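Note that the structure is a prediction, hence the values are computed from the model and not measured.
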Amino acid sequence: MSDSVTEILRQKIKALGGEPVQSEVGSVLSVADGIARISGLEDCQSMEMLDFGNGVVGLALNLEEDAVGAVILGDYKNIEEGHTVKRTKKVLAVNTSDDALGRVLDPLMNPIDGKGDLKKDEERLIEVIAPGVIARQPVSQPLHTGITAIDALTPIGRGQRQLIIGDRQTGKTTVCLDTIINQKGKNVKCIYVAIGQKYSKVMRNVNTLEKAGAMDYTTVVLAGASENPALLYLAPYSATALAEHFLWKGDDVLIIYDDLSKHAVAYRELSLLLRRPPGREAYPGDVFYLHSRLLERACRLSEENGGGSITALPIIETQAGDAAAYIPTNVISITDGQIFLESSLFNKGIRPAINVGLSVSRVGGAAQLKSTKKNAGSLKLQLAQYRELESFSQFGSDLDPTTKALLDRGERAVSLLKQKQFSPIPSAKQVVMIYALNNGFLDNISNDEVPVWLRELNEHLEGREELLSAIDKDWNDEVEKTVKETIEHFVTIRK
């Protein structure tokens with residue numbers, strides 16, 4: 001009897017099968033403010049996921065001699081001293097998918113818009129080394145924003161990193177939303193990363209994009225103001241991993257980081273809680289590396305690698321226009337140019353409030369359309385002369401005719417660059433408007449009437465697809481002659 005029982009037990013045990021599983025386990029030394037110090041994880045990797053049990057995960061950020069400093073990405077209220085922690089031996093990665101377009105996601109790529117789960121195409125590490133010089137090619141294709149002041153004077157190319165900088169409430173986000181709206185039908189995937197923003201503001205922006213039909217090719221990654229600082233820190237990296245999902249398939253991607261000032265503050269908070277030594281303005285010493293390793297991933301790949309591109313528009317908020325502060329100077333030195341928005345211009349009603357003198361593009365000119373480059377060359381000079389002479393404009397009656405003509409032309413140039421929000425203008429129409437200014441068609445129009453005149457000119461150009469297409473392709477004597485005749489015809493019928 002006993003032999004048969006023993007035999008049954010042996011068979012049962014054998015049927016269970018399986019190999020013994022070895023896992024490295026540590027214990028929590030202390031936990032506070034979402035930061036845990038853990039002992040016993042000697043072989044833990046940087047950025048490795050740690051399992052706290054009950055579905056709560058952490059991220060190893062500090063690797064010290066006797067402990068690991070980890071940030072907890074979930075609810076840490078039930079984690080106490082002595083709590084068991086397991087290594088997962090997996091560096092943080094997120095699931096990326098084409099299904100992400102049209103969705104609102106959290107920094108771990110989980111949907112938060114109530115539209116169901118995402119299909120999982122591939123898992124990508126959120127931190128990767130940027131493509132090397134050999135894997136890239138020069139920026140040579142324009143990424144049109146639909147904003148005349150940018151496309152004509154500080155152009156952006158596909159694969160460029162162009163900083164949007166200015167005080168709060170100067171229209172930085174609006175410039176970026178206009179750029180997203182203008183990508184409709186241009187086969188550019190867009191990713192908008194909201195870092196530390198109010199949920200109400202972000203949802204207002206999502207509604208704006210939906211009304212313009214732009215959400216079809218856009219993903220919004222949201223790390224709200226009330227979120228754990230670790231999620232604010234991770235948001236731009238995981239969004240860039242999604243951008244790289246499209247990049248390596250040969251697609252063009254536009255990614256907007258709104259904004260990296262709040263990102264740096266979240267990282268400072270994490271670093272101080274992890275007891276890292278503070279430096280200038282209490283930021284840790286690697287805060288420059290924080291943004292450089294992120295923005296270096298924006299590039300244009302060579303044709304051998306698929307020819308895709310990531311164009312990055314990071315936003316930085318300044319205090320009282322101080323672009324020489326720590327974080328602004330860091331990001332200025334990393335990027336390929338900046339668009340500077342000024343409170344005083346915004347308050348004067350000059351919107352977008354772009355300071356043309358302080359804004360620069362170090363790359364985009366190489367990607368600018370021939371027609372734009374040919375006609376916009378003198379526009380910056382006219383605006384510079386106007387700024388120099390503007391202080392004399394109050395003495396209009398005492399000015400000589402040449403100075404007065406320069407002031408009048410400058411005033412009309414400023415009016416030409418004013419634009420309603422969420423109303424991008426196609427590049428060919430921008431060229432016609434600038435041509436009209438340069439060739440004196442606006443000289444006899446009062447400054448107050450200029451916006452109306454230009455709007456009617458744009459309406460007159462509707463349906464002239466052959467001409468607009470020719471302007472986009474080239475600028476020669478024949479195209480110039482047709483543009484001139486079109487404007488003259490418009491002036492005639494307007495009378």
Side-chain angles (χ1 to χ4, degrees), residues 139-158 160 162 175 178-188 212-214 217 252 254 311 352 354 356 361 364-380 382-383 412-413 415-442 445 450-494:
V139 173
S140 60
Q141 286 183 299
L143 185 133
H144 292 122
T145 64
I147 300 169
T148 309
I150 296 175
D151 293 341
L153 304 174
T154 53
I156 299 169
R158 295 188 184 190
Q160 188 173 338
Q162 184 80 346
V175 165
D178 269 330
T179 306
I180 291 174
I181 292 167
N182 197 53
Q183 302 318 306
K184 192 170 186 178
K186 294 182 179 165
N187 201 24
V188 176
Y217 52 86
D252 291 310
L254 168 67
T311 308
I354 296 169
V356 177
S361 174
Q368 205 168 20
L369 292 178
K370 185 179 177 183
S371 55
T372 307
K373 190 182 285 190
K374 181 80 175 172
N375 288 282
S378 60
L379 187 59
K380 201 159 193 173
Q382 290 172 16
L383 289 163
R412 282 151 183 74
S415 294
L416 183 145
L417 296 180
K418 288 181 186 176
Q419 199 168 320
K420 286 183 180 178
Q421 62 179 6
F422 314 134
S423 304
I425 299 171
S427 52
K429 289 185 177 181
Q430 293 175 10
V431 170
V432 176
M433 288 160 56
I434 296 167
Y435 183 86
L437 173 77
N438 292 342
N439 289 274
F441 287 101
L442 292 172
I445 307 293
V450 166
V452 178
W453 193 92
L454 291 171
R455 190 185 71 243
E456 291 176 359
L457 174 62
N458 281 333
E459 289 169 359
H460 182 70
L461 292 170
E462 290 292 335
R464 297 173 187 263
E465 298 303 328
E466 194 175 326
L467 171 61
L468 297 177
S469 179
I471 294 169
D472 278 337
K473 285 176 186 169
D474 197 8
W475 185 263
N476 51 39
D477 292 342
E478 188 181 335
V479 174
E480 183 177 356
K481 182 185 174 187
T482 309
V483 168
K484 188 176 182 183
E485 288 172 354
T486 303
I487 299 173
E488 286 171 345
H489 176 61
F490 165 71
V491 171
T492 306
I493 62 172
R494 192 173 186 268

Pairs involving residues 144-157, ordered by first then second residue, that meet salt bridge (Lys or Arg N to Asp or Glu O under 4.0 Å) (sequence neighbours left out):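 Qualifying pairs, neighbours excluded: none.
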Tell me the closest heavy-atom pair linking [X] and [Y], and the distance in Å.
{"X": "Thr154", "Y": "Lys380", "value": "CG2-NZ, 4.5 Å"}
{"X": "Lys186", "Y": "Arg158", "value": "O-NH2, 3.8 Å"}
{"X": "Ser361", "Y": "Pro155", "value": "OG-O, 2.6 Å"}
{"X": "Ala376", "Y": "Ala152", "value": "CB-O, 3.4 Å"}

Short side-chain to backbone donor-acceptor contact, Gln183 and Thr179, under 3.5 Å: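 Such a contact is found between Gln183 side chain and Thr179 backbone.
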Flag, side chain of Arg412 to backbone of Ile445, donor-acceptor distance under 3.5 Å: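 Such a contact is found between Arg412 side chain and Ile445 backbone.
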Working to the nearest 0.5 angstrom, can you tell me the gap between [X] [atom1] and [Y] [atom2]?
{"X": "Asp474", "Y": "Ser469", "atom1": "CG", "atom2": "OG", "value": "11.0 Å"}
{"X": "Met433", "Y": "Ile487", "atom1": "CE", "atom2": "CD1", "value": "10.5 Å"}
{"X": "Gln368", "Y": "Ser140", "atom1": "CD", "atom2": "OG", "value": "13.5 Å"}
{"X": "Leu461", "Y": "Ile471", "atom1": "CG", "atom2": "CD1", "value": "7.0 Å"}
{"X": "Ile425", "Y": "Thr148", "atom1": "CD1", "atom2": "OG1", "value": "4.0 Å"}
{"X": "Leu153", "Y": "Leu383", "atom1": "CG", "atom2": "CG", "value": "6.5 Å"}

Side-chain heavy atoms of Asn438 within contact of Gln382, under 4.5 Å: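 Touching, per the 4.5 Å side-chain cut-off.
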Within-4.5 Å side-chain heavy-atom neighbours: Arg464 and Thr486: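 Yes - at least one pair of side-chain heavy atoms lies under 4.5 Å apart.
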Verdict with reasoning, Val188 to Tyr217, per side chain to side chain contact (heavy atoms under 4.5 Å, CB included): CA-CA 7 Å; Val188 176; Tyr217 52 86; over 6 Å; no
Steps toward side chain to side chain contact (heavy atoms under 4.5 Å, CB included) verdict (Leu417, Leu379): CA-CA 10 Å; Leu417 296 180; Leu379 187 59; 4.2 Å; yes
Can you name the residues that form a side chain to side chain contact (heavy atoms under 4.5 Å, CB included) with [X], not counting sequence neighbours?
{"X": "Arg455", "value": "Val452, Glu459"}
{"X": "Ser427", "value": "His144, Leu369, Asp472"}
{"X": "Ser423", "value": "Lys420"}
{"X": "Ser415", "value": "Asn447, Val450"}

A quick test of your reading: do over 12 heavy atoms of other residues, nucleotides or ligands sit less than 6.0 Å from [atom1] of [X]?
{"X": "Lys374", "atom1": "NZ", "answer": "no"}
{"X": "Lys418", "atom1": "NZ", "answer": "yes"}
{"X": "Lys484", "atom1": "NZ", "answer": "no"}
{"X": "Lys473", "atom1": "NZ", "answer": "no"}

Thr145 and Asp178: CA distance, side-chain angles, deciding distance, side chain to side chain contact (heavy atoms under 4.5 Å, CB included) verdict: CA-CA 7 Å; Thr145 64; Asp178 269 330; over 6 Å; no
Residues in ring-ring contact (aromatic ring centres under 6.0 Å, His included) contact with Tyr435, at least two apart in sequence or another chain: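 So Tyr435 forms a ring-ring contact (aromatic ring centres under 6.0 Å, His included) with Trp475.
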From CA spacing to verdict: side chain to side chain contact (heavy atoms under 4.5 Å, CB included), Gln160, Leu143: CA-CA 9 Å; Gln160 188 173 338; Leu143 185 133; over 6 Å; no
Pair Gln141, Asp252: side-chain N/O donor-acceptor within cut-off below 3.5 Å: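 Distance-only check fails for Gln141 and Asp252.
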Plane angle bin for Trp453 and Phe490 - parallel if under 30°, tilted between 30 and 60°, otherwise perpendicular: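 Geometry flag for Trp453 against Phe490: perpendicular rings.
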